[in-house]
2 protein chains.
Amino acid sequence: MNSLQTVEPALDEACCAPSGQPVLSAEDARRKALVFKALSDPNRLRLLSIVKSGGSGEACVCDLTEPLDLGQPTVSHHLKILVDAGLLHREKRGTWAYYSIVPGALEQAAGLLASL
Amino acid sequence: MNSLQTVEPALDEACCAPSGQPVLSAEDARRKALVFKALSDPNRLRLLSIVKSGGSGEACVCDLTEPLDLGQPTVSHHLKILVDAGLLHREKRGTWAYYSIVPGALEQAAGLLASL
DNA sequence: CACACAGATTGACATTCATCGATATAGTTG
DNA sequence: CAACTATATCGATGAATGTCAATCTGTGTG
C-alpha cells in the first residue's frame with residue numbers, strides 16, 4: 001500500500017480547477033512532475049512499449065531483461081517506479097510477476113499536459 | 001542553432017512506424033525521454049502553466065522569478081531546458097526576453113504517449 | 001560615456017538517480 | 001526438507017541535476 005497513485009488523485013483536483021489564473025499550485029506541480037519523471041527515462045519508455053506491444057498485454061520481468069540489455073535488479077527497479085507512478089499494474093502469479101499497463105493511465109498522463 | 005528540437009523531428013520517424021512489434025528503438029526512446037525529462041520538474045511545469053495562462057500568451061523572465069520563488073539564474077536555466085525541448089519559444093524584444101508556448105508542442109508531447 | 005537593468009553564463013555544491021553486485025524472499029520441484 | 005528459480009531489496013558508486021552566488025553581455029537612459 002505504498003504506491004503513490006499519482007495519476008489517479010491528480011484528476012480530483014485538476015478537473016475542477018478553472019485552469020486559468022491560479023496557475024499550477026506547487027503541490028499539483030509536484031504530483032504531476034512525478035508522472036513525467038517516471039516517463040523521463042529511455043529504458044522505462046521502452047519497458048512501457050514492450051508491455052503494451054506484447055500480444056497478451058502483459059509481460060514478466062524475465063521477458064524484459066534481455067531486450068533492454070539491463071540487469072534484472074535494474075529492470076525490477078524501473079518497474080517499481082512505473083508502478084508507483086500509477087502507469088503499470090503488477091500481478092504475481094506463481095513464481096512470475098506479470099506487468100500490464102493500467103487502463104487509461106497513458107491517456108490520463110497525456111491529459112495532464114492539456115490541463116496545465 | 002543548438003536547440004535539440006526533440007519534439008519536431010520525433011514525428012518524422014514516429015508517424016510512419018507501425019507502432020506495433022518493433023517496440024521502441026533505443027534511439028526513439030532516448031529522444032522521447034528528453035521531452036518528458038523537460039517536463040519532469042515541478043518548477044518547469046509551473047513555468048509552462050504561467051506562460052500558458054498569461055493573457056498575452058507570453059511572459060518575461062522577470063514575471064516568472066517571483067511566483068516560483070527561485071533565483072533569476074535558476075529560472076533562466078529552466079527556461080533554456082524548455083526551449084531546447086521544443087516546448088517554449090524565446091523572443092527577445094529590447095531588454096526583455098519573452099517566452100511563449102510553441103503552438104501544438106504540448107499536444108505533440110501528449111501524442112508521444114499514445115504512440116508508445 | 002557612465003550607469004542601471006534584464007537576462008544569460010559560469011562554477012561550485014548538495015541532492016537525486018541509474019546501474020550493478022550481493023543478498024534476501026518466496027514459490028516450485030525433486 | 002533441500003535445491004532451484006524468479007523477483008525484490010540493499011548498499012555502493014559514478015553520473016546527472018537543481019540551485020545559488022558571482023560574473024558577463026547587451027540594451028536603454030541620464
Side-chain angles (χ1 to χ4, degrees), chain A residues 1-4 6 26 29-48 50-51 58-85 87-100, chain B residues 1-4 6 26 29-48 50-51 58-85 87-100:
Chain A
M1 238 272 274
N2 204 8
S3 62
L4 299 180
T6 48
R30 193 187 58 81
R31 223 189 337 254
K32 293 186 178 185
L34 283 181
V35 178
F36 294 119
K37 190 165 293 185
L39 294 167
S40 69
D41 182 89
N43 287 320
R44 286 199 286 270
L45 289 182
R46 298 187 80 191
L47 282 175
L48 289 175
I50 295 174
V51 170
E58 56 182 17
C60 67
V61 180
C62 57
D63 293 333
L64 300 169
T65 302
E66 179 207 331
L68 262 63
D69 198 37
L70 288 178
Q72 172 265 318
T74 303
V75 172
S76 218
H77 171 241
H78 284 312
L79 290 171
K80 178 175 170 50
I81 290 175
L82 291 170
V83 169
D84 287 348
L87 298 170
L88 279 187
H89 170 74
R90 176 181 184 271
E91 181 187 354
K92 186 151 191 183
R93 287 203 301 271
T95 313
W96 292 272
Y98 292 91
Y99 288 87
S100 57
Chain B
M1 238 275 269
N2 204 6
S3 62
L4 299 180
T6 47
R30 194 188 58 82
R31 222 188 339 253
K32 294 186 178 185
L34 283 181
V35 179
F36 294 119
K37 191 167 294 187
L39 294 167
S40 69
D41 182 89
N43 287 321
R44 286 198 287 271
L45 289 182
R46 299 186 80 190
L47 283 174
L48 289 175
I50 295 174
V51 171
E58 56 182 16
C60 67
V61 179
C62 56
D63 293 332
L64 301 170
T65 302
E66 179 207 332
L68 262 64
D69 197 37
L70 287 178
Q72 172 265 318
T74 303
V75 172
S76 218
H77 171 241
H78 284 312
L79 289 170
K80 177 174 170 50
I81 290 176
L82 290 170
V83 168
D84 287 348
L87 298 170
L88 279 188
H89 170 73
R90 177 181 183 271
E91 181 187 353
K92 184 152 191 183
R93 287 202 303 271
T95 313
W96 293 273
Y98 291 91
Y99 288 86
S100 56

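Chain identifiers are assigned alphabetically (A, B, ...) following the order of the sequence lines, protein sequences preceding nucleic acid strands; residue numbering begins at 1 within each chain. These numbers were taken from a predicted model, which means no experiment stands behind them.
- Residues satisfying the salt bridge (Lys or Arg N to Asp or Glu O under 4.0 Å) criterion with A:R30, sequence neighbours excluded, are A:E27.
- At whole-Å resolution of the value, OH in A:Y99 and C1' in D:dT7 are 8 Å apart.
- Counting to the nearest Å, the P atom of D:dC4 and the CH2 atom of A:W96 are 17 Å from each other.
- Rounded to whole angstrom, the span from the NE2 atom of A:H78 across to the P atom of D:dA8 amounts to 13 Å.
- A side chain to side chain donor-acceptor pair (under 3.5 Å) check over residues 59-71 of chain B, counting only residues at least two apart or in different chains, returns nothing.
- Looking at every heavy atom in both residues, B:L45 comes nearest to A:A33 through CD1-N, 3.5 Å.
- Scanning both residues, A:S100 and A:E58, for their nearest heavy atoms gives CB-CB, 4.1 Å.
- If you take CG of A:L82 and P of D:dT7, they are 16 Å apart, rounded to a whole angstrom.
- For the pair A:L79 CG and D:dT9 C1', the computed distance is 14 Å after rounding to whole Å.
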* Do A:N43 and A:L47 pass the side chain to side chain contact (heavy atoms under 4.5 Å, CB included) test, and can you show the C-alpha distance, the side-chain angles, and the key distance before you say yes or no? -> CA-CA 6 Å; A:N43 287 320; A:L47 282 175; 5.6 Å; no

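- Following rounding to the nearest Å, A:R30 (CZ) and D:dG18 (C1') show an atom-to-atom distance of 16 Å.
- For the segment residues 65-74 of chain B, the set of residues with a heavy atom within less than 4.0 Å of an atom of DNA chain D comprises B:L70, B:G71, B:P73, B:T74, in numerical order.
- On the nucleic acid side, DNA chain C contacts chain A at distances under 4.0 Å to non-hydrogen atoms, with the end points of that region at C:dC17 to C:dT28.
- Taking every heavy atom of both residues into account, A:K37 and A:S40 meet most closely at O-OG, 2.7 Å.
- In this view, A:H89 satisfies the side-chain hydrogen bond (donor to acceptor under 3.5 Å, both in side chains) rule with no residue, not counting sequence neighbours.
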* **Criterion side chain to side chain contact (heavy atoms under 4.5 Å, CB included) on A:I50 and A:L68, from CA distance to verdict** => CA-CA 10 Å; A:I50 295 174; A:L68 262 63; 3.5 Å; yes

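- The separation between B:H77 atom NE2 and D:dA21 atom C1' is 15 Å, rounded to whole Å.
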Short N/O separations, protein against nucleotides 24-30 of chain D, under 3.5 angstrom:
none

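- To the nearest 0.5 Å, atoms OG (A:S76) and CG (A:L64) are separated by 10.0 Å.
- Annotation: side-chain hydrogen bond (donor to acceptor under 3.5 Å, both in side chains) contacts of A:R44 (sequence neighbours excluded): A:H78.
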* Can you check side chain to side chain contact (heavy atoms under 4.5 Å, CB included) on B:L39 and B:L87, steps first, answer last? -> CA-CA 9 Å; B:L39 294 167; B:L87 298 170; 3.8 Å; yes

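- B:L45 has its CG atom 14 Å from the C1' atom of D:dG18, to the nearest Å.
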